[in-house]
**Student:** 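Before we start, here is the structure in question, set down as structure tokens.
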Amino acid sequence: MATIVSHADTILRVNLDAIAENYRILAARMDGGECGAVVKANAYGLGVHEVAKTLKGAGCKRFFVATLDEAIQLRTILPKEDIYVFHGVGRGQEKYFVEYKLTPVLNSREQVLRWEIAAGEYGRQEAILHIDTGMNRLGMNLEDAENVLTSAAPQVIDFEYIMSHLACAEIPDHPLNKSQLSQITAARRLFPGSGVSLANSSGLFLNGNYHFDLARPGCALYGINPTPGRLNPMQNVVTLVSKVLQTRVIDTNTTVGYGATCDLARGSVVATVPVGYADGYLRSLGNCAKVVAAGQKVPVVGRISMDLITIDLSNVPEEVVREGMEVELIGAAMPVDEVAKAADTIGYEVLTRLGQRFAREYVGGV
Ligand SMILES: *Cc1c(COP(=O)(O)O)cnc(C)c1O
């Protein structure tokens, strides 16, 4: 079969060296403790294969995903490293965890019991015990965790770590942080033989009391600012560039795009770029995002179509406006956090929605 060549005019460039550097920046904050990596959802949309290999090369030994299927896929990329599954072990999944040597995060009494029975059948197993300290999403409360201790589970399960998840880590003075910290500290006394994992990306930028034994950063590895409102300490990872498909000079006052939502004055210069909401360029960016063209931030005008956007190049020197001119939609000059803000969402959603239609280029890595 012939190789399929991409003719895409839009390129998603993922800088693997920047991911490795970001890992090092985060790991350096763990004075003594270890830094894992969260690569769920195809490494936040960037490609788990390339990203996981890069992180392994940067020294990461513990990887987190959300689901069993993500973990089985990751096992083919990382034969030896520890792989943890946030959603835990579901009914009928036990043998796959054992076969692929995956470690479940046990979130409930049901999951603990299930893993205890599996350990009876397959031999001693490891797990992370998830204790809820205020997120109220996954995990057991402190009382249930105490009951696990006095059950038969610890005879067959090694609780390698206990973990909890911060709900407001990106808001350093949020009172919930302290409350969660004091609860995980109490839980730690109950499980003296287990390590503790609390911090996500933003948690690594709270004081050292929040760091414990194992961090679980995700977004910061991929260049999202873990300290919103302050200078981004991470390197930019993602660049999304495209090429102008058509340009036009508006010869009479008119509107552009579906719904005629944006007025254009006579003399305006409009360029059409082949990226749309089917590519993950969110529809809510219509009439509010900016892109970078000829070194300037220029506005997206009109609604986002499925496969196209229109931008206003009236302020760009006439001589550079032409078919094929490069436009940066996300990148160092247009950070993913800025795009997210314009869409009234967060960088995580922008990255995980990035589509499959453009060419993907990986820079650096191992
Ligand atoms: C997704 C996730 C993380 C990573 O969070 P970031 O904010 O991306 O660093 C850590 N822990 C848990 C339980 C998660 O679900």
Side-chain angles (χ1 to χ4, degrees), residues 19 22-23 25-27 29-30 33-46 48 51-52 55 60 62-68 70-71 74 82-89 102-108 111 127-140 160-172 174 176-177 180-181 183-184 187 195-206 210-230 232-235 237-238 336-337 340 345-354:
I19 293 179
N22 286 341
Y23 177 78
I25 292 169
L26 297 170
R29 300 189 66 81
M30 278 305 282
E34 212 179 315
C35 191
V38 180
V39 295
K40 62 193 179 189
N42 193 28
Y44 289 45
L46 302 187
V48 69
V51 169
L55 288 167
C60 184
R62 301 180 195 275
F63 292 80
F64 292 86
V65 291
T67 69
L68 172 59
E70 289 179 343
L74 186 58
D82 284 312
I83 299 176
Y84 303 94
V85 182
F86 282 139
H87 292 182
V89 57
L102 309 171
T103 306
V105 174
L106 302 176
N107 296 296
S108 64
Q111 291 193 337
I128 294 182
L129 189 68
H130 188 175
I131 298 171
D132 178 63
T133 56
M135 183 77 176
N136 287 307
R137 185 179 67 172
L138 282 177
M140 318 169 68
E160 198 184 1
Y161 294 95
I162 58 169
M163 71 163 249
S164 197
H165 191 47
L166 294 166
C168 307
E170 72 284 7
I171 310 162
H174 198 291
L176 196 48
N177 291 329
Q180 291 193 266
L181 178 62
Q183 285 189 62
I184 195 69
V196 176
S197 176
L198 179 64
N200 60 349
S201 298
S202 294
L204 274 166
F205 292 84
L206 297 174
Y210 287 83
H211 297 176
F212 292 102
D213 305 304
L214 175 65
R216 309 184 308 272
C219 72
L221 293 168
Y222 311 117
I224 291 173
N225 188 356
T227 62
R230 289 184 279 156
N232 190 352
M234 313 319 297
Q235 291 198 4
V237 169
V238 174
V336 61
D337 293 298
T345 182
I346 53 177
Y348 303 64
E349 190 178 16
V350 173
L351 292 189
T352 54
R353 295 270 202 112
L354 290 171

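Positions are given from 1, in the same order as the sequence printed here. All of these numbers come straight from a predicted model, not from anything done at the bench. We count ligands from 1, going down the list as the structure has it; atoms in each ligand are counted the same way.
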**Student:** Output all residues satisfying side chain to side chain contact (heavy atoms under 4.5 Å, CB included) with R29, sequence neighbours left out; order by chain, then residue number.
**Tutor:**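 For R29, the residues satisfying side chain to side chain contact (heavy atoms under 4.5 Å, CB included) (neighbours in sequence not counted) are L204, F205.
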
**Student:** Can you spot which of L26, L55, V39 makes a side chain to side chain contact (heavy atoms under 4.5 Å, CB included) with C60?
**Tutor:**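 Answer to the side chain to side chain contact (heavy atoms under 4.5 Å, CB included) test with C60 among L26, L55, V39: L55.
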
**Student:** Taking side-chain hydrogen bond (donor to acceptor under 3.5 Å, both in side chains) as the test, write out the residues that go with S202, two or more places apart.
**Tutor:**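 side-chain hydrogen bond (donor to acceptor under 3.5 Å, both in side chains) list for S202, sorted by chain: empty.
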
**Student:** Apply side-chain hydrogen bond (donor to acceptor under 3.5 Å, both in side chains) to E70 and list each qualifying residue two or more places apart in sequence or on a separate chain.
**Tutor:**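 Counting only residues at least two positions away or on another chain, E70 forms no side-chain hydrogen bond (donor to acceptor under 3.5 Å, both in side chains).
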
**Student:** Between Y44 and Y222, how do the two ring planes meet: parallel, tilted or perpendicular, split at 30° and 60°?
**Tutor:**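 Y44 vs Y222 ring planes: tilted.
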
**Student:** At a heavy-atom distance under 4.0 Å, which protein residues reach ligand 1? Sort them by chain and number, would you?
**Tutor:**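 Those residues closer than 4.0 Å to ligand 1 by some heavy atom are V38, K40, Y44, F86, R137, M163, H165, N200, S201, R216, P217, G218, C219, Y348.
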
**Student:** When you compare the side chain of R62 with that of Y161, does any pair of heavy atoms fall below 4.5 Å?
**Tutor:**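 Y161 vs R62: side chains touch.
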
